[in-house]
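Only one structure is covered here, and it is reproduced in the block below.
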Amino acid sequence: MRFFFEKRTDTTPLGHTTTIIGAVVLALVFGAGFLATVGVDPLEAYTLVVEEVFLSSYGWQDLLVKFTPLLFMGCAVALAAQMRLWNIGAEGQFHMGTVFVTWGSLHLNPDTWGWSLLLVMGLLAIAGGGLWGSIPGVLKARFGVNEIITSLLLNYVAVAWVDQHLFGSWRDPASNNFPITREFADVARLPSFGNTSVHFGLILALVVAVVVAWVLLKTKLGFQIQLTGDNPDAAGYAGVNGRLLIILVFAFSGAIAGLAGFSEVTGIHYRLQQNISIGYGYTGIIVAWLARNHPLGILLSALFMAVIFVSAEMLQIEYGLPIAMVYLYQGVILFTVLGSEIFTEYKLRLRTA
Amino acid sequence: MEFLTQALVAAVEMGTPLLFATLGGVISERAGVINLGMEGLLLVGALVAFVTMLGTQSYLAAIGAAVVVAGVVTMVHGLVCLVLRANQIASGLALTLFGTGLSGLFGDRLIGKTIEPLDSHALPGLSQIPLIGPALFHQDVLVYLSYGCVLATWVVLYKSRLGLTIRSMGENPEVCDTMGLSVLGYRFWCLVAGGMLIGLGGAYFSLALNSYWVDNITAGRGWIAVALVIFAFWHPLKALAGAYLFGFAIALELRLQLLGIGLSPYFLKMLPYLLTILVLTTVTIRNQRRGIQVMPAGLGQGFVRGEKY
């Protein structure tokens, strides 16, 4: 008795959706198993999640707050992925963005710059993330160096760079030696909606998502990006400068991740501190993958990942579980989704002798 | 002289987990499977070794458990990317996330707990060689085991029929399939064997390098090992040189911090990662200039009979 895969002739969008939902359910079951091993009743925990996250207004606020950086990151990773490039360095580009933004807040006088300070800080974030992102881009385009490894390693460098500033000259003298900068001026903060913690970064993220979608689906540049991703040789014959495009795409991707950093420090923390990103950059990879890099699908998958983050924070408060739960669930979800993809194209059949 | 001798001892210590992980990567990539889950597997190995050591007080049990569990976790990666034909890169990243989460979740309760680290044993005679003697021959048992693993990997991959088959799997799976060999089987078990070696590297972090549990104990060394596989030209003997070179860089970073040299510790922390990028770039440029194709030609490509990927 042997199993084998038989190609389907009847692939439907519905089948695809069912498979993904099935994979997510399976992941939640596996996750429940891990909860049980650390002494948490999974049913109780999942019920709490539904009550506290979906059925409370605070829950929705938290969801939108987490959704914001994840939407940025999903767009950043998906843009590169459309060209078959892996940007695993969004985490570092995010950190570089926050460093540039904070430099602006510490060195530019809010009285002379006024409201335009926020604009300048946004541009600084784009520059910081974009420059950091273009390093793996240049190394790939010019020398063919594997972008997965370089972009990933630069994350560790960027985090050390943030620490260098926080434990050095940027530390607030009034902070009792905590590694935090002094608070940003009022004009250097993104406004929030009413009394909620949801801030203007959400709008910015949605704008970025629409722009990325428009560029990819409606412009010549987007066509060139996809063409080069699918068939670099054909793109080359068609006159596309593939090398330049690699650098550009990585720079844009990094700039978007840098903007995520801008949105987090000016919208939530109002200062630079450690652990501003709890793996948002890595999550961006999953966000993009679940959406198959489609800009609109990213809205859904970013929201789903936001649910994971908010739930994990809730479990942290309720049961004292570490925030590393997020990575565990992400790993399991990515595994089950990847493992289920084959069932949209194939059927599992039993070979009888 | 004293400083250099000590730095070399530390270089071998820091290089040993990299060596195990790089060897593991060499085996699976030679068979054509990329394992980007190295960082996660190192963390799993470290966690399992530490927990088992706490429970049993037996190094043998701790090492064995780390190897077995890392092997089992690698099977998940193998199931997803080989049996279920998913993207190897994405599946490897899932493995890293999974391992990071697992070690974070269960390691949370271990913070502050301590174990007795492995003792060093001097090999009579050999350890008296000036400079390199203490570094290579006055070490703990896992370091000696790593020499054995290098030798064994080299012999199997380059001096045996099995090794020839394994390397063919990475170069041209179609031909292997035509010869009636199971591409899936060979690739799966090479990936798992590699994963077990990586688990051994993870055990080294908690049994030898640290006496207490710290969160994220491997600090990204798994990714350095991913780059080292390329740096080592997918060859076990070159992996030895590469691992010790990077071990030296890490040891130097730690030593310079202790000496209180004027450089900021955060700049020193960047050094191993920057060095990795620099070396990777140099190696890539050199290979291109000379037109050498050392990367296994079928690396990362799925194989299904009758279908072109």
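Within every chain, numbering begins at 1; the chains are lettered A, B, ... in the order of the sequence lines, protein sequences first and strands thereafter.
The nearest pair of heavy atoms linking B:Ile277 to A:Leu139 is CG2-CD1, 3.8 Å.
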Next on the checklist: Applying side chain to side chain contact (heavy atoms under 4.5 Å, CB included) to B:Asp108 and A:Val38, what does each step give before you reach the verdict?
Outcome noted: CA-CA 11 Å; B:Asp108 197 45; A:Val38 290; over 6 Å; no
Checklist entry - Can you list the steps and then say if B:Thr96 with A:Tyr327 is a side chain to side chain contact (heavy atoms under 4.5 Å, CB included)? => result CA-CA 9 Å; B:Thr96 285; A:Tyr327 296 118; over 6 Å; no
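Between chain A and the residues B:Ile224, B:Asn216, B:Leu280, B:Asp215, the largest count of heavy-atom pairs under 4.5 Å involves B:Leu280. Chain A forms more heavy-atom pairs under 4.5 Å with one residue of B:Ala94, B:Gly104, B:Ala86 than with any other, namely B:Ala94. Chosen from B:Ile89, B:Val76, B:Leu102, B:Leu95, the residue pairing most often with chain A at heavy-atom distances under 4.5 Å is B:Ile89. Ranking B:Leu36, B:Thr100, B:Thr281 against chain A, the residue ahead of the rest is B:Thr281, based on heavy-atom pairs under 4.5 Å. Of the listed residues (A:Leu152, A:Leu334, A:Thr150), the one with the most heavy-atom contacts under 4.5 Å to chain B is A:Leu152.
With a 4.5 Å cut-off on non-hydrogen atoms, A:Ile285 touches chain B through its side chain but not through its backbone. Neither the backbone nor the side chain of A:Leu348 has a heavy atom closer than 4.5 Å to any heavy atom of chain B. No part of A:Ile135 comes within reach of chain B, as not one of its non-hydrogen atoms sits under 4.5 angstrom from that chain. Residue B:Leu79 does not touch chain A at all, counting heavy-atom pairs closer than 4.5 Å. There is no contact between A:Ile323 and chain B, counting heavy-atom distances below 4.5 Å. For A:Leu338, the parts lying under 4.5 angstrom from a heavy atom of chain B are both the backbone and the side chain. Neither the backbone nor the side chain of B:Leu271 comes within contact range of chain A; no heavy atom of the residue lies under 4.5 Å from a heavy atom of that chain.
Counting non-hydrogen atoms of neighbouring residues, nucleotides and ligands closer than 6.0 angstrom, the CZ atom of A:Arg171 exceeds 12 such neighbours. With a 6.0 Å radius and a threshold of 12 heavy atoms from other residues, nucleotides or ligands, B:Tyr266 has its OH atom above the threshold.
Side-chain atoms of B:Val226 and A:Asn146, non-hydrogen and from C-beta on, never get closer than 4.5 Å to each other. Within the 4.5 Å cutoff, side-chain heavy atoms of B:Leu93 are placed close to those of A:Trp86. Two residues are said to be in side-chain contact when any heavy atoms from C-beta on lie closer than 4.5 Å; B:Leu105 and A:Pro322 meet this criterion. The shortest side-chain heavy-atom distance between B:Phe106 and A:Thr37 falls under the 4.5 Å cut-off. Residues B:Arg85 and A:Tyr346 are in side-chain contact: their nearest non-hydrogen atoms beyond the backbone lie under 4.5 Å apart. Within the 4.5 Å cutoff, the side chain of A:Phe5 has heavy atoms near those of the B:Leu84 side chain. Side-chain contact check for A:Tyr329 versus B:Leu97: every heavy-atom pair is 4.5 Å or farther apart.
The aromatic rings of A:Trp161 and B:Phe267 lie perpendicular to each other, with more than 60° between the two planes, well past the 30° mark. Using cut-offs of 30° and 60° on the angle between ring planes, the pair A:Phe335 and B:Phe98 is perpendicular.
Here the OG1-CD1 distance, from B:Thr276 to A:Ile149, works out to 9.5 Å after rounding to the nearest 0.5 Å. For the atom pair CE of B:Met270 and CG of A:Leu153, the computed distance is 13.5 Å after rounding to the nearest 0.5 Å.
The closest donor-acceptor contact from the side chain of B:Gln288 to the backbone of A:Phe143 lies under 3.5 Å.
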